[in-house]
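In what follows, every chain begins at residue 1, and chains take the letters A, B, ... in the order their sequences are listed.
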Number of protein chains: 2
Amino acid sequence: MEDKKNYCYEYPRPSVTTDCAIFGFDGIDLHILLIERGIEPFKGQWALPGGFVEMDETTEECARRELAEETGVKDVFLEQLFTFSDVKRDPRGRVITVSYFALIKSTDFKLIGGDDASDALWFPINEVPSLAFDHDRILRVAHDRLKGKIKYEPIGFELLEEVFTIPQLQRLYEAILGIQVDRRNFNRKITSLDILEPIEDKIEGVGHKGARQFRFDKERYQALKSRGFNFEI
Amino acid sequence: MEDKKNYCYEYPRPSVTTDCAIFGFDGIDLHILLIERGIEPFKGQWALPGGFVEMDETTEECARRELAEETGVKDVFLEQLFTFSDVKRDPRGRVITVSYFALIKSTDFKLIGGDDASDALWFPINEVPSLAFDHDRILRVAHDRLKGKIKYEPIGFELLEEVFTIPQLQRLYEAILGIQVDRRNFNRKITSLDILEPIEDKIEGVGHKGARQFRFDKERYQALKSRGFNFEI
DNA sequence: GTTTTTATGTGTAAAATTGACACGTAAATA
DNA sequence: TATTTACGTGTCAATTTTACACATAAAAAC
């Protein structure tokens with residue numbers, strides 16, 4: 001870069017936006033948060049939430065800002081996904097988008113979307129309509145990344161509540177990966193990671209033996225991670 | 001995005017560049033290609049090659065163009081790395097960079113850098129000087145990605161010649177990962193992937209038994225990959 | 001109050017994979 | 001012809017994974 005002769009503020013340049021694939025989990029299905037577009041282009045179609053990057057913020061700050069504006073939620077798991085730069089991806093002009101994917105805790109899941117005031121709505125990942133711009137593609141990349149990532153990094157907790165059970169966690173894995181896993185082997189694997197802190201209470205009133213409850217031990221995870229520990233599942 | 005009221009061509013916006021971490025292998029050490037800056041800022045310091053994204057090209061096309069301009073090489077392995085957007089990463093103004101990492105075949109390695117006409121030079125990965133801008137950070141991310149990626153995707157071939165031996169491949173893995181691996185176990189693992197096509201000829205004139213030669217069977221790899229085959233090493 | 005239903009937690013044996021080696025082989029040189 | 005060097009194949013113990021059986025607890029049915 002940088003050696004360009006005609007570098008100046010008048011140099012024609014692309015706009016930069018961020019778009020965010022926001023995942024949520026209702027205990028059964030993996031969901032994605034979509035926004036119904038109120039203006040052209042793609043008016044009336046669903047799209048990933050996003051917006052223009054301001055001059056005084058990083059793309060991550062932009063994504064967090066848009067996410068907070070759209071959902072009211074802060075402190076979520078957020079990770080950069082991919083930068084899409086097709087010349088014609090936006091009919092209005094040259095727009096490069098830095099995409100992110102976010103994981104929303106189950107506690108917040110219920111608070112977002114649904115009310116008539118908001119144009120945001122959760123969609124089960126297998127029932128997503130055709131999206132505006134190239135957002136179909138972005139969502140596919142995001143889902144693939146989530147599927148890949150959950151196999152070697154313990155990020156599933158970010159989609160559950162603070163306290164959860166191992167069967168709940170297993171259902172989440174199955175929803176994300178779209179496959180069935182053996183209950184007993186899953187149990188052994190997940191506990192062998194040694195990052196689950198047991199809670200005294202049990203689940204009650206469910207018509208059968210209640211599952212034990214756990215909390216994700218973030219500090220222990222960080223400690224093990226820095227020692228090069230492997231979290232494959 | 002898109003719902004911004006003040007969207008127009010006069011809207012103040014960041015510049016977008018691409019920077020490229022170009023890896024090469026001389027048979028012994030992993031190298032990175034650096035450019036000596038001829039102008040301010042950071043004049044005289046070394047930097048990753050890169051340049052501004054034009055209005056009619058994607059960031060990947062931009063990276064390939066810069067790469068061809070800088071090295072003369074086309075058709076290289078190129079993959080998007082990460083987008084860096086710190087507000088102050090470039091002292092001249094707001095510049096967002098989409099970084100890539102490239103793998104150069106050993107055949108081309110020898111042709112690049114070195115001659116006095118070029119300001120490009122190969123540096124062993126362990127002897128890299130302090131770089132301009134935030135390129136130290138970009139390079140670290142690129143190297144980490146390469147280390148991670150080579151463990152579950154057969155991309156090492158992209159750094160060797162068309163025809164290579166398993167011991168050569170092993171030395172590459174050791175150079176990238178910075179560790180020693182057992183010759184016999186490596187042999188077993190790499191051949192079990194079933195993506196090496198044996199060549200009749202052997203290496204000669206080396207003062208000992210010559211190693212068998214192979215070619216990377218790209219079609220077989222694609223076929224196995226689409227069947228969900230795993231290429232962990 | 002005993003039995004049934006349902007989902008949870010623990011255990012175990014066979015199969016597959018990995019890690020740490022020994023040995024035999026081929027090409028050039030002494 | 002013997003020696004040196006590095007390559008290729010084989011083996012066995014240890015570990016991990018896979019596929020299950022069984023015991024347990026809580027609520028509901030009888």
Side-chain angles (χ1 to χ4, degrees), chain A residues 26-28 150-152 154 156 160-161 163-175 177 179-216 224 228-233, chain B residues 26-28 150-152 154 156-157 160-161 163-175 177-215 224 227-233:
Chain A
D26 66 352
I28 298 165
I150 203 169
K151 287 181 199 158
Y152 62 90
L160 299 174
E161 296 189 23
V163 167
F164 55 88
T165 70
I166 293 184
Q168 278 171 0
L169 189 60
Q170 181 185 342
R171 277 189 285 275
L172 171 60
Y173 272 73
E174 292 178 331
L177 296 172
I179 56 167
Q180 297 285 104
V181 301
D182 185 272
R183 177 171 51 91
R184 294 147 293 191
N185 292 338
F186 181 82
N187 213 302
R188 174 162 42 86
K189 271 199 174 183
I190 206 77
T191 50
S192 75
L193 296 185
D194 205 22
I195 49 178
L196 294 187
E197 184 188 349
I199 305 293
E200 282 308 308
D201 305 323
K202 283 189 185 177
I203 295 285
E204 288 177 6
V206 283
H208 55 81
K209 178 178 178 179
R212 287 191 69 187
Q213 293 191 306
F214 294 88
R215 185 174 280 132
F216 173 51
L224 289 171
F229 199 82
N230 208 300
F231 295 97
E232 254 175 77
I233 198 94
Chain B
D26 65 352
I28 298 163
I150 203 169
K151 285 181 199 158
Y152 64 88
F157 315 103
L160 299 174
E161 297 189 23
V163 168
F164 55 87
T165 70
I166 293 183
Q168 278 172 359
L169 189 60
Q170 181 185 343
R171 277 188 287 275
L172 171 61
Y173 272 73
E174 292 178 332
L177 296 171
I179 56 166
Q180 297 285 104
V181 301
D182 185 271
R183 177 172 52 90
R184 295 148 293 192
N185 292 339
F186 181 81
N187 215 302
R188 174 164 41 116
K189 273 201 174 182
I190 205 79
T191 50
S192 76
L193 296 186
D194 204 22
I195 49 176
L196 294 186
E197 183 188 348
I199 305 292
E200 283 307 309
D201 306 322
K202 285 188 184 178
I203 294 286
E204 289 177 5
V206 283
H208 55 82
K209 177 179 179 178
R212 288 192 70 186
Q213 294 191 304
F214 294 88
R215 187 174 281 132
L224 290 170
R227 278 190 248 156
F229 198 84
N230 209 299
F231 295 97
E232 256 176 75
I233 198 89

Worksheet item: For B:Lys209 and C:dT29, what is the distance between atoms NZ and C1' respectively, to the nearest whole Å?
Response: 18 Å

Discussion item. Between A:Glu174 and A:Val181 (side chain of the first, backbone of the second, donor and acceptor by atom type, cut-off under 3.5 Å), is there such a pair?
Written reply: yes

Discussion item. Please evaluate residues A:Asn185 and A:Arg188 with respect to the criterion side-chain hydrogen bond (donor to acceptor under 3.5 Å, both in side chains), reporting the C-alpha separation (whole Å), side-chain torsions for both, the decisive distance (0.1 Å), and the verdict.
Written reply: CA-CA 5 Å; A:Asn185 292 338; A:Arg188 174 162 42 86; 2.9 Å; yes

Worksheet entry | Atom-to-atom span, CD of A:Glu232 to C1' of D:dT15 - whole angstrom | 15 Å

Practice prompt. Give A:Arg212 one of three labels, base, sugar-phosphate or nothing, depending on what nucleic acid heavy atoms sit under 4.0 Å from its own.
Written response: sugar-phosphate

Discussion item. Return whichever of A:Arg183 or A:His208 has its heavy-atom-nearest nucleotide of DNA chain D closer to the 5' end.
Written reply: A:Arg183

Worksheet item: Are B:Phe186 and B:Tyr173 near enough that their ring centres are under 6.0 Å apart?
Response: yes

Item to complete: Please report how far the helix from C:dG1-D:dC30 to C:dA30-D:dT1 bends, comparing the axis fitted to its first five pairs with the axis fitted to its last five, to the nearest 10 degrees.
Response: 20°

Write down the protein N/O and nucleotide N/O pairs, taken from nucleotides 15-21 of chain C, whose separation is under 3.5 Å; answer none if there are no such pairs.
from	atom 1	to	atom 2	distance (Å)
C:dG19	N7	B:Arg188	NH2	3.0
C:dG19	O6	B:Arg188	NH2	3.4
C:dA20	N7	B:Asn185	OD1	3.4
C:dA20	N7	B:Asn185	ND2	3.0
C:dA20	N6	B:Asn185	OD1	3.2
C:dC21	N4	B:Arg184	NE	3.0

Item to complete: Round to a whole Å and report the spacing from CD1 of B:Ile166 to C1' of D:dT9.
Response: 12 Å

Worksheet, complete the sentence: Atom CG of A:Leu193 and atom C1' of D:dT16 are separated, to the nearest Å, by 14 Å

Worksheet item: Whole-Å distance between C:dT8 P and A:Leu169 CG?
Response: 12 Å

Worksheet item: To the nearest Å, how far apart are A:Gln168 CD and C:dT8 C1'?
Response: 13 Å

Discussion item. Once ring-ring contact (aromatic ring centres under 6.0 Å, His included) is applied, do any residues pair with B:Phe229, and if so which ones, sequence neighbours excluded?
Written reply: B:Phe231

Item to complete: Round to the nearest Å and state the distance from A:Gln213 atom CD to C:dT8 atom C1'.
Response: 13 Å

Worksheet item: Could you state the CD1-C1' distance from B:Ile190 to D:dG8, rounded to the nearest angstrom?
Response: 15 Å

Fill in: Note, B:Glu232 side chain near A:Glu232 side chain (heavy atom, < 4.5 Å)
yes

